[in-house]
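Here the structure is laid out as structure tokens; the discussion comes afterwards.
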Amino acid sequence: MYDHQALEKKWRKRWQASGLYKTSEDRKKPKYYILDMFPYPSGVGLHVGHPKGYIATDVLARLRLMQGYNVLHPMGWDAFGLPTENYAIQNKIHPRVATEENIATYKKQLELLGFSYDWEREVNTTDPAYYKWTQWAFLKMFEKGLVYESNEPINWCPSCKTGLANEDLEDGRCERCGSEVELKPMRQWVIKITDYAERLLQDLDKLPDWEESIKEMQKNWIGRSEGAEIIFPVLGTEENIKVFTTRVDTIFGCTYVVLAPENDLIPRLCGKIKNWTAVEKYLESVKNKTDLQRTDLNKEKTGIVLEGIKALNPFNQEEVAVFAADYVLNSYGTGAVMAVPAHDERDWDFAKNHDCPIRSSVSSDASYGKASAGACYTEDGYLINSGEFSGLSSETAREKMTRWLERNKFGARKVNYKIKDWVFSRQRYWGEPIPLIHCAACGVVPVPEADLPVVLPEVKSYEPTGTGESPLAAMADWVNVKCPKCGGAGKRETNTMPQWGGSCWYYLRYIDPHNDKALVDKKKEAYWSPVDFYVGGAEHATRHLIYARFWHKFLFDIGAVSYGEPFIRLKHVGLIMGEDGRKMSKRWGNVINPDEMVKKFGADATRVYEMFMGPFEAATSWSTNGLIGTRKFLEKVEQLIAGDHANSAIDKKTLSLLHKTIKKVGEDIENFRFNTAISALMILVNELGKFRVDKTEGSLLLQILAPFAPHLSEELWESSGHSESIFQSSWPQYDAALISDEMVNLVIQINGKLRATLEVSADISETEAWELVQDNETIKKWLDGKTVVKKIFVAKRLLNIVVK
RNA sequence: GCCGCGGUGGCGGAACUGGCAGACGCGCUGGACUUAAAAUCCAGUUGUAGCGAUACAGUGCGGGUUCGAUUCCCGCCCGCGGCACCA
């Protein structure tokens, strides 16, 4: 038993006092920047799952420190946003005060776990000195034309009373509160992230050390599809219907065209639409539907034909009907599609309901050119009924037909993305003010850089208004300002930025946290950037990680940073579930508090256990018994180093094991395979326990244990006579000569089945092995009366004898 | 529907590049110590048969390739995650 409470307290104090974790700026050394996704300090504090990623990065940070790197391993707070604001409203305290309290709680909890953060670099997104630069970057985007004001309908959460970005939805519901969102036209600021869609996609290939799964999620989210835009002239008018399709090859099967109900062509054509009253009624009925209702795949496809309107298929000059139907989305492509019921499921469903003709133009069959009757055929195939293009494969046809379109000015090649521009306005209080001023004479005028930051003012009521205005709008003396351009009467923009704004670039601020002249000093940035390793939850794959990559690329384009991607290597941390296998939540009463575990079993045991639970990326269930197991392991270590041993000195085999373990632990930490590293340490400690361990061997063990269990290792390191911190010692080198085995277990198989193992010298030859085997009683039995057909020998591994 | 990941003892999970399946930990069983319990230590712990050496079966299911498959290939089933009337 050791007194973990006293011991851990002692070392936390000493490390603090000695400045052990102060980041060195000594440029002669190689740098290593290892980063966690900074937490949102909520009112409830951390549960044991939160620190898992932080422990992992801390283990690697400590390894790098011992390997002689300059390590940047910072921590900070992503503190703007709705939860704090709601908590503040509920508890009648100011969000700033709530934030301060929550940060204090979080910090205390983190410190208990003994992380090696340099707190002098702490950042806080709600600090005006920080968000000055969030606003600065926004203004740069504004300057470059990447920001625009829009009145388009956007997602509106009726419960949070704010507009939301597409990324803030989960299955048509508000990701925060779960309310069904409404589509509401609102004035809002939008960032053209779509301008960066192609680069965000392409550059994923430059990130070989990102997990494939995260890259896939981003690819899905960006949703690139290649196709063509085609013009269908509207007969008897000057208007054209532009459609987007990835399947030009099916166009001879197009039997009608569909417009999204919101397509602005419809009102323009109203004079020609004979059934306008009915059409208007349909459009009205669609308007009242939520997005969730509209995109319900199970519902019947509704729509209405626009009587009196015909569109011309440019390929065959056919006149086709035009519908308005809500299965076509206005927000994707051109808000209009050419319908090919024979080769598209959705068009097929609609055509069946609305008696539209169905005509095949692609066959699965090259030789007979038969149309598939009675079913929708969506695969590629060979063209039929397609004039000069008949007989071509879908792929060739797409190419040729696209060229035909371009030649005849009826359309062009086009790439579309699913990702939408980033709705950047929130009608809430607790966020960065958007630094723009509206002036009657000059329009929208940016706040001059010298006037940044635009500080979030103190308001009496910060409750959301629900009117589409933020609570800031009520602050007359803050809102009314002189126009920076003409000096006339101006009004400040009262929307605030979304929570994602401040987290887009915080990793750059750690590099140079107190700079008031620039977002980050260029020389410092060039040294520390990019982040070598980034660790956090997979839930950020399509939110924070897309936004941050975009923001970084923008900063790169304006020369503020030196590299095009922010994070070189990325791993996601698996959740820790409750002991009952469910997600930890108050609702289930299965939340485990880390403070309690640290108090009972120690920070070291908690750290070791969380790393031992399973593969880092995997979700695993908490087990307090498991934690007790790792505590026992640490006690064994303590006994081993501190205890009296009458045993003999360690043998060669165990010394070899020690060196193998040094190698394995180092490699496993690099690869984030902590569970096998701990397992190897346990095996080593079990073996060493059989012997008397001298100072040299004991010190080696402590050094490789130290990243996981820093307090105990440091204590035992000191008590075994070292005067410097263990983290100032160099990570041990394993002795390559010692780790190659002299003796190995050679597996003897008969017909691939294990029949014996022989302990033999590692360099045994096939002939020697065969001779040994023939003398072996068990093997003899199996060879008896059989003919040896073949022998397979794998050096140091096995001899397989094939018999008949 | 599309994309990705996974399925190994009672549980969490190991297994390099196709070469001893179940390391390590938890739990459980038996024993030692103890008046007793806890703690600790020792032994055992995939299933079936056997006192036993041992034999057979065994990594979601069905096939295949191979001297040899948890690992590779084909076809399924189940679970998780992402995207989704995206034309």
Side-chain angles (χ1 to χ4, degrees), chain A residues 1 170-172 211-225 227-228 243-247 250 258 260 294-299 301 325-329 331-340 343-347 349-350 378 416-420 538-539 541-542 572 577 579 581 608-609 612-615 617-630 632-633 635 639 664 667 673 675-686 745-757 778 781 789-794 796-803:
Chain A
M1 273 306 261
E170 242 166 37
D171 297 323
E211 276 170 69
E212 222 34 61
S213 61
I214 305 267
K215 287 199 272 188
E216 276 304 319
M217 283 189 219
Q218 293 211 349
K219 280 180 196 166
N220 283 341
W221 190 261
I222 296 165
R224 182 183 200 273
S225 40
V243 304
F244 173 72
T245 182
T246 55
R247 294 294 306 273
T250 65
V258 190
R294 273 189 68 170
T295 56
D296 181 0
L297 287 158
N298 296 320
K299 79 159 174 91
K301 291 187 172 39
D326 73 349
Y327 80 94
V328 173
L329 305 175
S331 53
Y332 184 75
T334 59
V337 303
M338 62 173 213
V340 186
H343 306 296
D344 182 284
E345 301 266 6
R346 296 151 300 184
D347 299 340
D349 290 346
F350 186 82
T378 58
N416 262 320
Y417 304 91
K418 280 194 274 191
I419 191 170
K420 292 179 186 163
E539 69 273 16
T542 55
H572 86 266
M577 317 297 267
E579 295 208 73
V608 173
Y609 174 60
F612 182 59
M613 287 176 80
E617 298 92 328
T620 43
S621 299
W622 181 265
S623 153
T624 301
N625 275 331
L627 169 55
I628 293 170
T630 57
K632 285 179 190 165
F633 159 68
E635 274 165 20
Q639 285 302 306
K664 182 169 175 60
E667 289 170 357
R673 291 201 304 250
N675 55 332
T676 51
I678 308 278
S679 157
L681 282 163
M682 285 174 170
I683 294 168
L684 176 65
V685 169
N686 289 343
N745 283 326
L746 192 73
V747 168
I748 311 299
Q749 297 181 338
I750 308 288
N751 290 344
K753 282 204 175 184
L754 172 80
R755 294 303 175 192
T757 56
T778 357
K781 208 170 68 193
V789 180
K790 200 172 163 186
K791 293 193 291 272
I792 291 116
F793 180 76
V794 182
K796 296 182 189 181
R797 284 260 157 84
L798 80 150
L799 176 65
N800 184 12
I801 303 150
V802 186
V803 296

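Computed from a prediction, not measured in an experiment: that's the story for all the values here. Lettering of chains follows the sequences in order, A, B, ..., and the numbering in each one begins at 1. Values below: all heavy atoms of this structure, side chains included; hydrogens, waters and symmetry mates excluded.
Close to B:rG81, at under 4.0 Å from its OP1 or OP2, lies no side-chain N or O of A:N220. Contact annotation: A:S225 reaches the phosphate of B:rA87 (side-chain N/O to OP1 or OP2, under 4.0 Å). Between A:R755 and B:rA55 there is a side-chain N or O to OP1 or OP2 distance below 4.0 Å.
Taking all atoms of both residues into account, the shortest heavy-atom contact from A:M1 to A:E635 is SD-OE2, 3.0 Å. Between A:V243 and A:V337, the shortest heavy-atom distance links the atoms CG1-C, 3.6 Å.
The interatomic distance linking A:K215 (NZ) with B:rC5 (P) rounds to 12 Å, in whole Å. A:K796 has its NZ atom 19 Å from the P atom of B:rG18, to the nearest Å. When the P atom of B:rC56 is taken as reference, atom CG of A:L754 falls 11 Å away, rounded to whole Å. Atom P of nucleotide B:rA84 and atom CD1 of A:I222 are separated by 13 Å, given to the nearest angstrom. One can place CG of A:L684 at 13 Å from P of B:rG25, the figure rounded to the nearest angstrom. Atom CD of A:E617 is separated from atom P of B:rG4 by 18 Å (rounded to the nearest Å). Atom-to-atom, CD of A:Q218 to C1' of B:rC3 comes out at 15 Å; the value is rounded to the nearest Å.
Going from the P atom of B:rU17 to that of B:rG6 covers 14 Å, rounded to whole Å. One C1' atom belongs to B:rA69, the other to B:rG60, and the distance between them is 16 Å to the nearest Å. The C1' atoms of B:rG81 and B:rG30 are separated by 45 Å, rounded to the nearest whole Å. B:rG22 and B:rC11 are spaced 13 Å apart, taking the C1' atom of each and rounding to whole Å. Between B:rC28 and B:rC76, the distance separating the two P atoms is 44 Å to the nearest Å.
Few gaps surround NZ on A:K219; more than 12 heavy atoms of other groups in view lie less than 6.0 Å from it.
In B:rG9 the base sits syn relative to the sugar, since the glycosidic angle is no further than 90° from 0.
In terms of modelled atom types and a separation under 3.5 Å, the side chain of A:Q218 and the main chain of A:T542 share no donor-acceptor contact. With A:N416 contributing its side chain and A:S225 its backbone, the two residues share no donor-acceptor pair below 3.5 Å.
Using a 4.0 Å heavy-atom cutoff across all strands shown, A:V789 reaches no nucleic acid atom at all. Contact annotation for A:G333: no contact, since no heavy-atom pair falls under 4.0 Å across all strands.
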Which pairs, protein N/O on one side and nucleotides 64-69 of chain B N/O on the other, fall under 3.5 Å?
unit_1: B:rC67; atom_1: OP1; unit_2: A:K790; atom_2: NZ; d: 3.2
unit_1: B:rC67; atom_1: O2; unit_2: A:N800; atom_2: ND2; d: 2.2

ask   = What is the per-nucleotide protein-contact pattern of nucleotides 38-52 of chain B, from the 5' end, where B denotes a base atom under 4.0 Å from a protein heavy atom, S denotes such proximity for sugar-phosphate atoms only, and - denotes neither?
value = --S------------
task = Produce a footprint string for nucleotides 6-14 of chain B: one letter per nucleotide, 5' end first; B if the base is under 4.0 Å from any protein heavy atom, S if only the sugar-phosphate is, - if neither.
result = ------BSS
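Take A:R673 and apply the salt bridge (charged side-chain N to carboxylate O under 4.0 Å, His left out) test, not counting sequence neighbours, and it matches A:D668. Not counting sequence neighbours, the partners of A:E211 by the side-chain hydrogen bond (donor to acceptor under 3.5 Å, both in side chains) test are A:H572. Not counting sequence neighbours, A:E539 has no partner by the salt bridge (charged side-chain N to carboxylate O under 4.0 Å, His left out) test. Looking at residues two or more places apart in sequence or on another chain, you find a salt bridge (charged side-chain N to carboxylate O under 4.0 Å, His left out) between A:E170 and A:R543. Considering only residues two or more places apart in sequence or on other chains, A:R224 meets the side-chain hydrogen bond (donor to acceptor under 3.5 Å, both in side chains) condition with A:E198, A:E226. Residues passing the side-chain hydrogen bond (donor to acceptor under 3.5 Å, both in side chains) test with A:T246: none are found, sequence neighbours excluded. The ring-ring contact (aromatic ring centres under 6.0 Å, His included) test applied to A:Y609 returns A:W622, not counting sequence neighbours. Every side-chain hydrogen bond (donor to acceptor under 3.5 Å, both in side chains) that A:E617 has, sequence neighbours left out, goes to A:K571.
Taking a pair as Watson-Crick or G-U wobble with both distances under 3.5 Å, RNA chain B forms stems of 3 or more consecutive pairs at B:1-7 with B:77-83, B:10-12 with B:24-26, B:27-32 with B:40-45, B:46-49 with B:54-57, B:60-64 with B:72-76.
At a cut-off of 3.5 angstrom, the base of B:rC16 holds at least one donor-acceptor pair with the side chain of A:R797.
Each of A:S623 and A:M217 lies near RNA chain B, and the nucleotide nearest A:S623 is the one positioned closer to the 5' end. Nearer the 5' end of RNA chain B, as judged by each residue's closest nucleotide, is the contact made by A:N745, out of A:N745 and A:N625.
A cation-pi arrangement is present between A:K301 and A:Y327 under the rule of less than 6.0 angstrom and at most 45 degrees off the ring axis.
Comparing B:rG4, B:rC24, B:rC20 against the side chain of A:V747 picks out B:rC20 as the nearest.
Ion pairing between A:K215 and A:E212 holds under the 4.0 Å rule for side-chain N and carboxylate O.
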